[in-house]
Amino acid sequence: MFSGLSFNAAPGDVLQVRGANGAGKSSLLRLLCGLLPAARGSVHWRGRAVTPGDAALATDTAYMAHAGGMNGELSVNENLRFALQLAGGGASPAHAAHNDEVLQRLQLSAQRHTPVHRLSQGQQRRLALARVLLSRRTLWLLDEPCAGLDAQGDAAFAQCLAEHAARGGIAVVTTHHAIDTGTACTRTLDMDQLEPHAGCPPDHRP
Amino acid sequence: MSRPGMDTLQRIDATAAPRGAGSKGWRRLASPLAFHAWAGRALPWFAGLAAVLAVAGLYVGFVVAPTDRQQGEVYRIIFIHVPAAWMSMFIYLVAAGHAAMGLAFHTRLSPLMARALAPTGALFTVIALWTGAAWGKPTWGAWWVWDARLTSELILLFLYLGYLGLVSAIDDPRRADRGGAIVLLAGVVNVPIIYFSVQWWNTLHQGASVSLTAAPAMAHTMLAGMLLMALACWAYSIAVALARVRCLIMEREMLARQWS
Amino acid sequence: MLVALPIIGREVRLASRRPMDALSALFFFVAVGSLFPLGVGPDAALLTAIGPGVVWVAALLAVLISLHRLFLPDLEDGTLEQLLLAPRSLTGIVGAKVAAHWLLTCLPLVIVAPLMGLQFGLLPQAVGVLLLSLLLGTPTLVLLGALGAALTLGLRGNVLLALIVLPICVPVLIFGSGAVSSTQQGLQAGPHLSLLGACLLVAGVLCPWAIGAALRLAVE
C-alpha cells in the first residue's frame with residue numbers, strides 16, 4: 001500500500017492527510033486505530049507501542065469511517081445512545097443537555113426520531129460527526145468527514161475541529177480540500193509524496 | 001474538558017524490522033526461502049522412496065499375500081483402502097498441528113504447510129471412501145452403509161473441502177492463513193467426537209452396522225503389505241506436500257516483493 | 001457484562017423493526033418440518049421413527065439460513081468496526097451478539113418444536129426431552145454458526161458458510177436427535193444430554209474468542 005511514512009503528532013495538532021484516490025489514506029487511518037496491522041513498522045500512543053485491539057488506544061480514539069457506523073433502521077437518538085453506551089459514556093442529565101447542544105449545532109435536532117436511512121448523506125455524515133464529538137476522545141481519526149456536507153456543515157465541522165485542537169486533542173483527517181481550522185496548528189501530509197511538510201513548526205516531543 | 005497529558009505522542013516508524021538472523025541447524029529452515037531450497041533437495045528422495053515402497057507394498061499385497069478364506073481376492077483392496085484411511089486422518093492432524101503453530105508462534109511457514117498438506121489429505125479421504133464402497137458392494141451387498149467409520153470419513157472430507165474452499169476464497173494472504181487455521185482447529189476438535197458419537201448412536205440401533213475391523217486375524221504377509229503401502233503413502237504425501245509448499249513459498253515471495 | 005444489555009436491546013429493537021427477517025428462521029423450521037411428512041407419506045410408525053432427526057435437522061438448517069443476519073449488516077454499515085474499536089472486551093461483545101441472535105432466532109424454534117414433536121407422534125416424555133435437547137443444543141449451533149459466519153464474512157456466496165458450519169455441527173445433531181430417539185424407545189437420554197451440555201461448555205468457552213479473532217481478520 002504505502003511505505004516510508006513516519007510522523008509525530010502532539011496535543012493540539014491537526015494532521016490533514018491528502019492524496020489521490022487509492023493512495024492509502026483510509027488504510028493509514030485504519031492502521032492508526034488498530035484495525036489494520038502494519039506489515040513493517042509500529043504505531044506508538046502515549047509512548048507505548050500499540051497492537052490491534054489495544055485497550056488503551058481504544059479508550060482514547062474515535063474513528064469515523066466512510067460508513068458512518070450507524071444502523072439505518074434505528075433513529076438518530078437510538079444510534080447515538082447505543083454508540084455512547086458502547087464507548088462507556090454516561091446517560092446523566094448533564095450528558096443529555098450536552099447531547100442536545102451538539103445535535104443543535106449540527107442541525108440534527110429536528111431529526112432526533114427519524115430512522116437514519118431516511119436522512120440525506122450529508123445528514124448521516126453529521127450524525128457520525130456528532131458521535132465523535134459526544135464520545136469525548138483525545139484522538140480523532142476521521143475519514144473524509146466533509147464528504148457530502150454543505151457549506152454550513154463544512155463550517156460547523158471546521159469549528160468543531162478547531163475547538164478539539166484547542167482543548168489539546170489530536171486529529172488526523174483525510175480530506176480532498178484544505179480545512180480552515182483557524183489558529184489550530186495544522187500540518188498537511190501528502191500521501192502522494194510521502195513527506196510530511198509542516199504548516200507551522202511541529203511540536204516535537206521525545 | 002480535561003487537557004490530555006503533555007507526553008501524548010503518536011508515531012509510525014517505518015524502519016524495517018530486522019529479519020531474523022540466520023540461526024544454525026533446524027531453526028534455519030523456519031525461513032521460507034531456506035526451506036524452499038531444502039525442500040527442493042529433499043523432494044526427489046521422498047519421491048523415490050515412495051515409488052520403491054509402493055512397488056514393494058503392491059507386490060506383497062497382490063502377489064505374495066495369500067487368498068482370504070472368506071472374501072476371496074476382493075479383500076486385496078485393503079492394501080489401498082486402509083493406508084488411505086490412516087493417512088487421511090493423520091494428515092489432518094499434522095495440518096492442524098501446523099495451523100496451531102502458525103497461530104501461536106506466527107511462523108510464516110506453518111500456514112503454507114497446512115495448505116500444502118490439505119489437498120493430499122482430501123485425496124486420500126476420497127480414495128478411502130471410494131475403495132471402501134468398492135469393497136463394501138461385494139462383501140456386504142451395499143455400496144454405502146451409515147457405519148461409524150464411513151460417516152466420520154465423509155465428514156472428514158467435508159472438513160477438508162471447507163478448509164480448502166475458505167483459503168482459496170480469501171484473497172488477503174494473512175486472513176486466508178489465520179482463518180483457515182481456525183477452521184482446521186475447529187475441525188480437529190470435532191474428529192474424535194464424530195467418530196465416537198456415531199459409534200454410540202449406532203449402538204442404539206442393534207444390527208445396523210458391520211464393523212470393518214471384523215476382518216479375520218491377519219497373516220503376517222497381509223500386515224507387511226499394509227504397512228509397506230502405508231509408508232509409501234506417507235512418503236508420497238511428504239513429497240507432494242514439499243512440491244506444493246515450494247510453489248506457495250514462491251507465490252508469497254512474489255506477493256511480498258510487489259509491496260516492498 | 002454491562003455491554004451485553006445495550007447490544008441485546010439493540011438487536012431486539014432491530015428485529016422489531018423488521019419482523020419478517022427475524023421470523024424467517026421460524027417459518028423455515030416449520031416449513032421443513034411440515035414438508036417431510038408430505039414427502040415421506042402418512043405412515044405413522046415411519047414418521048415417529050424419523051421425527052427426532054427431522055426436527056433437529058430443521059433446527060440446524062434454520063440456524064444456518066439465519067446466520068447472514070448476524071454480522072453482515074454490521075459490516076456493511078460500519079458498526080462492526082465500532083464494535084471492534086470499543087474499549088470493551090471483544091469476547092463479551094461477541095457473546096452478547098450471539099446471545100441476542102439465539103434469543104431472536106432459536107427461542108421461537110424451541111417454543112414451537114414441541115408442537116412439531118407431537119405432529120410426528122412422539123411420546124410426551126420424548127417431547128420433553130426434545131425441548132431440553134434443543135435448549136441445550138441450539139446455543140451450540142448458534143456459536144458454531146457464528147464462527148463460520150465470522151470466518152466467511154464478506155465473501156461471496158453462501159455455500160462456503162454451509163460447508164464449514166455443517167460438518168462441525170454434526171455431533172450436536174447426532175447427540176440431540178439421539179437423546180430424543182432413545183427416550184422414544186424407552187432408553188435413557190441422560191448420556192446424550194450430558195454430551196450436549198459438554199459441547200455447549202466447550203463451544204461457549206472457545207467460540208467467542210475464535211469469533212472475535214475471525215471478526216478482526218474480516219475487517220482488516
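Throughout, protein chains are lettered first and strands after them, A, B, ... in sequence-line order, and every chain is numbered starting at 1.
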Interatomic spacing from CD1 in C:I93 to CG in C:L83 - rounded to 0.5 Å
5.5 Å

Rounded to the nearest 0.5 Å, how far apart are CG of C:N158 and CG of C:L163?
12.5 Å

Less than 4.0 Å between a side-chain N and a carboxylate O, is that true for B:R175 and C:E220?
no

Please flag which part of C:L153 lies under 4.5 Å from any non-hydrogen atom of chain B: side chain, backbone, both or neither.
both

How many angstroms lie between CZ in B:R115 and CG in B:D177, if you round to the nearest 0.5 Å?
6.5 Å

If one checks every heavy atom of C:L151 against chain B at 4.5 Å, the contacting part turns out to be both

Is it the case that the side chains of C:S66 and C:H101 hold a donor-acceptor pair, with the cut-off being a distance below 3.5 Å and no angle test?
yes

Look up atom SG in C:C199 and atom CG in C:L143, then write down how far apart they are to the nearest 0.5 Å.
11.5 Å

Given heavy-atom pairs under 4.5 angstrom as the criterion, report whether the side chain, backbone, both or neither of B:D172 touches chain C.
side chain

Side chain, backbone, both or neither: which part of C:L147 has a heavy atom under 4.5 Å from chain B?
side chain

What part of C:L155 gets within 4.5 angstrom of chain B, counting heavy atoms only: side chain, backbone, both, or neither?
side chain

Of the backbone (N, CA, C, O) and the side chain (C-beta and beyond), which part of C:A150 lies under 4.5 Å from a heavy atom of chain B, both, or neither?
backbone

Residue among C:L160, C:L161, C:L144 with most heavy-atom pairs under 4.5 Å to chain B
C:L160

